[in-house]
Amino acid sequence: MRAVVLALTVALVVPEFALDKTYVYKYEALLLGGLPHEGLARAGIKVSSKVLLSAMTEHTFLMKLMDPLLHEYAGIWPKDPFVPATKLTSALAAQLQIPIKFEYANGVVGKVFAPAGVSPTVMNLHRGILNILQLNLKKTQNIYELQEAGVQGVCRTHYVINEDPKANHIIVTKSKDLSHCQEKIIKDIGLAYTERCAECTERVKSLIETATYNYIMKPAAAGVLIAEATVEEVHQFSPLNEIHGAAMMEAKQTLAFVEIEKTPVVPIKADYLARGSLQYEFATEILQTPIQLMKLSDAPAQIIEVLKHLVANNVAMVHDDAPLKFVQLIQLLRVATLENIEAIWAQFKDKPVYRRWLLDALPAVGTPVIVKLLKEKFLAGEFTIPEFIQALVVALQMVTADLETIQLTASLALHEKIATIPALREVVMLGYGSMIAKHCVAVPTCPAELLGPIHEIAAEAISKNDIPEITLALKVLGNAGHPASLKPIMKLLPGLRTAATSLPLRIQVDAILALRNIAKKEPKLVQPVALQLVLDRALHPEVRMVACIVLFETKPSVALISSLAGALKLETNMHVASFAYSHIKSLTRITAPDMAAVAGAANVAIKLMSRKLDRLSFRFSRALQLDFYYTPLMVGAAGSAYMINDAATILPRAVVAKARAYLAGAAADVLEIGVRTEGLQEALLQSPAADESVDRITKIKRTLRALANWKALPTNQPLASAYIKLFGQEVAFVNVDKTVIEEAIPIVTGPKPRELLKAALKALQEGIALQYAKPLLMAEVRRILPTAIGVPMELSLYTAAVAVASVNVQATITPPLPEEIETMTLEQLKKTDVQLQAEARPSIALQTFAVMGVNTALIQAAVMARGTIRTITPGKVAARADILKGNYKMEALPVEVPEHIADVSFETLAVVRNIEEPTAERIVPLVPELAVQNAQTPADYSSSEIPDQAALRSATPFHKTLCLAVPYIEIKGCIEVHSHNAAFIRDDPLFYIIGQHSARASVARAEGPAVERLELEVQVGPRAAERLLKQISLIDEETPEGKAFLLKLREILETEDKNVRVSSESSSSSSRIISSSSSSSMSSSRMTELLILSITLFCLQYMAPHGASKAVSSGSTASSFEKIQKQVNQLAMFLGNAVPPVFAVIARAVRVDHKLLGYQLAAYFDKQNARVQLVVSSIAENDNLKICADGAVLSKHKVTARVAWGPECQQYAVIAKAEAGVLGEFPAARLEVEWERLPIIVTTYAKKLSKHIPMAAFKAGFRLERVSNADKEIELTAALPSQRSLNVIARIPEMTLSRMDIPLPIAKLMFEPHCTIVLKTLSLKQEENAIKIKMN
């Protein structure tokens, strides 16, 4: 016998089944999902049966299942047992026991046959058994690799054949890498617009799939016999990274030989139809959502039932299960026929609430039936244009892109009624391109003929020079992104075809942008075209810069980027050079894995370019890319911004911004917005605003005048255009031209707005009661793939939300408005008293589901993460506007609030349900109260015993309630947090996530007197003082504190009398005196006083009225001091003593005990002295807390402000001064901030922050010197030595920071100095040694 075994290892023959015998095997298969740790919950199914194999002919066999039994599982693994699904087994018993035929030759399974009564789901279970019999055994090799067909497709398979002489059998082991398949059976939904980031998963993977088959082969008379076969298959998934823990779907199969019987298997009396091959056949699971299982008995009746439930329970407030019910409605509509849906629409189309729900649900169904329905009903006039556009945009993005739907969309785009509505035609055409793109993702060999209609439209438009039609065709081709469109697009590219040179610039730009999606599929085809356009100096700069964007989206090699960098050394157009340089430089900082090669190439290329380009300002074109990618969690985000100008720019020619996201090995361009101002740019360039000899302020004024004179703008081109892309697909664009403006003005100024206003006011007076609901399927992302046992597993994410608002508004207008509102005069309007009362109750419910598990029409078993958000924020307000008296009041009134205004929860569950008992689902929390702590590996599935030594530990829940009472208004807010996770098993992110987490927020009345209402009142005009509830009084010159302040100022004036006299004779001598005095041993505080004095002296003279300033002679010092003292006295006064408040604001809580609580604000304005004063004070008794803000314009280029707070505004104070002038010979500005006293918390944090200043300054390129500056002063001086650079000096306590020649993004503004200060800084280590006051 040993000789036989050795012979078999050399020339192994395939398994054989004799014609006159029936081989009986015991079969068991199970599929479990969950985390690979004992003590946590799992969900799954188990199938057990006898398998009878009988040969009909040499290569045709019958297989029959005997005594099949289905089990389901949702419990704590491994202690909880499987539960027999008795009803489901009984319902399927007849199907399961029908014999099937299959071809089998040389160990390879061929075609499969079964009667029509065998459903696809049951057929797939048979395929799972036949998959075990698939053996590609070679006679001359013991170790080899090949691509083998199986249930999951044609995948890489590795064979190892060994002998076991002692046991007298051969062991065959084959392993499958299900991640590397030539033809993989998989169905993706909602992923068409995502890109696979292969580089993101090189080191870490989010999904790992593998299978191992072990066979024990024993010699038999007819060859060899499969004595036992075991299969173990693992699908491991984590949205973050499998290193940090992952959920697993584990499949196990055993096929053990029992005996040989003489009774053959007999086929039933029915036609055996060809049912494909061994490969899995998708059934109704595509239409079946994994989050709920419904037994379909009467689809139309069930749709109506769910629809009525949604309408009835989402009126005043959103229902808790509204999102789930909305998903259920979509699921039922997916299985309904066109006739069913038409009947339902006919029943409810005239009921507004039902109509809205249907219009929101139908586009999300995503079946060709819905597109056909929308087309028919629109052509029949049953949809308004806004309704049809809204529904069609969603439907075309959600629908399955098969050939039938593509043809249906094409017929819709070419329909004559659609052609008469430009906006609608654009939506259909863009959707047509997107549908082709989706179809080509599912079918990579999609034919170019699908784009035939668009190519014909483009060719005809080019021949007729129809610019709008060419634009639309290019955008459709850009959405489709088919390589076959490259040749038609290239006909419109400048420099490559002579015909394109006569086309407008915007067509050339659109043609280049249409290459972007093609570049993602075939970068090698687009790169030479884009590079040629970038380097062609004869082209318009905008064309070259747009080509640069496309070039870098092809992820060019280091050689290509270096070639571009070398060519740009000789570039004469600074906009192109700046754009390319900034683009390459921003790429050097990219960290996303898919751009790693480009980032490395950019780092090489940037060294070949001139560093002078780094100092160009933002008036030149720029590109910016920023990103963040965290490899351990496989998540990231990126943003790109492009600003394109040209040499004669007034406004940017184009601005583009794009956001990109990375998650779990996939990437997507989430959002992109672009704006072009080409037509407006050219119109402005022809206006006087384009004159480069005038200053920027004059340019702005001329530009505004040019925009106001819009009638003179050209009519043959758009003035501006904009577009928006979602997930790389353009969904809408708009061109604004003179015609659009001419059509819009009558709409705005014509009779219709007045009619709408009249109707709105009438409705307000009669009262408005509105209930509105808006559902939305926000996400539906699914991946369905078969397992070895023939049952599909699914990874899916669903998010649905429903928003409901109930609004009641009532207005009272006294006197009533005239019938003809347009005849109402301004005087009549001023005498109108408007009272408005409104109550709103907005609420939102959101539910999201992440599922991993089995999803079929018969049974569902999965681990699920379920998150819910529910918010209710009621409010009731009353408002009154008495225009005549200038009184405006708003009141917040009490309103009934629910127990919780916000409720957020997240939980992970194991769920199992079957179609025969859909309401008897079993749900088990994934993390129970008791969990196994030490075990880290999966247990043997065949064992249901718990190890005796297993240490059980309770996962300690976290529960905390935080409450905060708001003073005065007696309202208490509480947040209750509960968390229970599995972090005690492993300290990894995934284990912190799984479990149960919840947070609830509530608002209730606190202890104390009840609050009747909250009031906010504004009184404008002379009656403002009357509305103040508490008299305002501040310290002024009559108080001891005020007198002390003025005495100090007068002392400074008298001490510096002689210096001021000298300064009045000539500015140069003043400069010398002040410079010499600053060189003396004066203290820093004394210098500050002198500086304030000098500023006050000259700036007050400048601020004096024209006649008064002439009266001041250069030799009359005494009158100057009298003027100064008068001004100082006026500035020190509380303005409320001299002028009434301009307006008053009172915010208060009205309580039942009539106690005053709240705050009031009074604003004063002294026009003569250009001074503003704001005083905020508490209206409560015995509360003298005040906040005072005082600001004054000392001259045309100097302002000062003082903010003080505390009791009577005496506790804390901060003074700020800002001035513009000249530093040396350069325009400059300075900001000084001084403080008298600050709260301890501010000084404490300021000291902590100061410790980080040196490092931050070093990283920012600032020079730091330790000097003894003023302790309570911060000074910031900025000077402009050139139009594109900036010098900055910052003095703070204990240090001075400086940086010279900082590049500016924009050129400097023009300065016209009056009453400016010229500062000459000789050394950063010293104080200013010269202060010269200059009058212009």
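In what follows, residues are counted from 1 in the order of the sequence shown. Values below: every heavy atom of this structure, side chains too, minus hydrogens, waters and symmetry copies.
- Between the side chain of T210 and the main chain of I208, no donor-acceptor pair closer than 3.5 Å is present.
- A parallel orientation is assigned to the rings of F383 and F388, their planes being inclined by less than 30° (bins at 30° and 60°).
- Of the candidates V109, I789, N131, V151 forms a side chain to side chain contact (heavy atoms under 4.5 Å, CB included) with just one, namely N131.
- Scanning both residues, A149 and Q134, for their nearest heavy atoms gives O-NE2, 3.3 Å.
- Other residues, nucleotides and ligands contribute only 12 or fewer heavy atoms inside 6.0 Å of the CZ atom of R783.
- No donor-acceptor contact under 3.5 angstrom links the side chains of Y662 and D627, judged on distance only.
- Looking at residues two or more places apart in sequence or on another chain, you find a salt bridge (charged side-chain N to carboxylate O under 4.0 Å, His left out) between E209 and K184.
- Note that the CE atom of M249 and the CD atom of E233 stand 9.5 Å from one another [nearest 0.5 Å].
- Taking every heavy atom of both residues into account, A274 and F113 meet most closely at CA-CD2, 3.6 Å.
- Ring-plane geometry between F727 and Y193 is classed as parallel, the angle between the planes falling under 30 degrees on a 0 to 90 degree scale with a further cut at 60.
- The distance from atom CD of Q390 to atom CG of L392, rounded to the nearest 0.5 Å, is 11.0 Å.
- Taking both residues in full, the closest heavy atoms of A336 and I341 are given as CB-CG1, 3.9 Å, listed atom of the first, atom of the second, then distance.
- In this structure a side-chain-to-backbone donor-acceptor pair under 3.5 Å is present from Q253 to G128.
- More than 12 heavy-atom neighbours from other residues, nucleotides or ligands sit within 6.0 angstrom of NZ on K555.
- Between T121 and N124, the side chains place no donor N or O within less than 3.5 Å of an acceptor N or O (distance only, hydrogens not considered).
- Classification of E672 and R660 as a salt-bridged pair fails, no side-chain N sitting under 4.0 Å from a carboxylate O.
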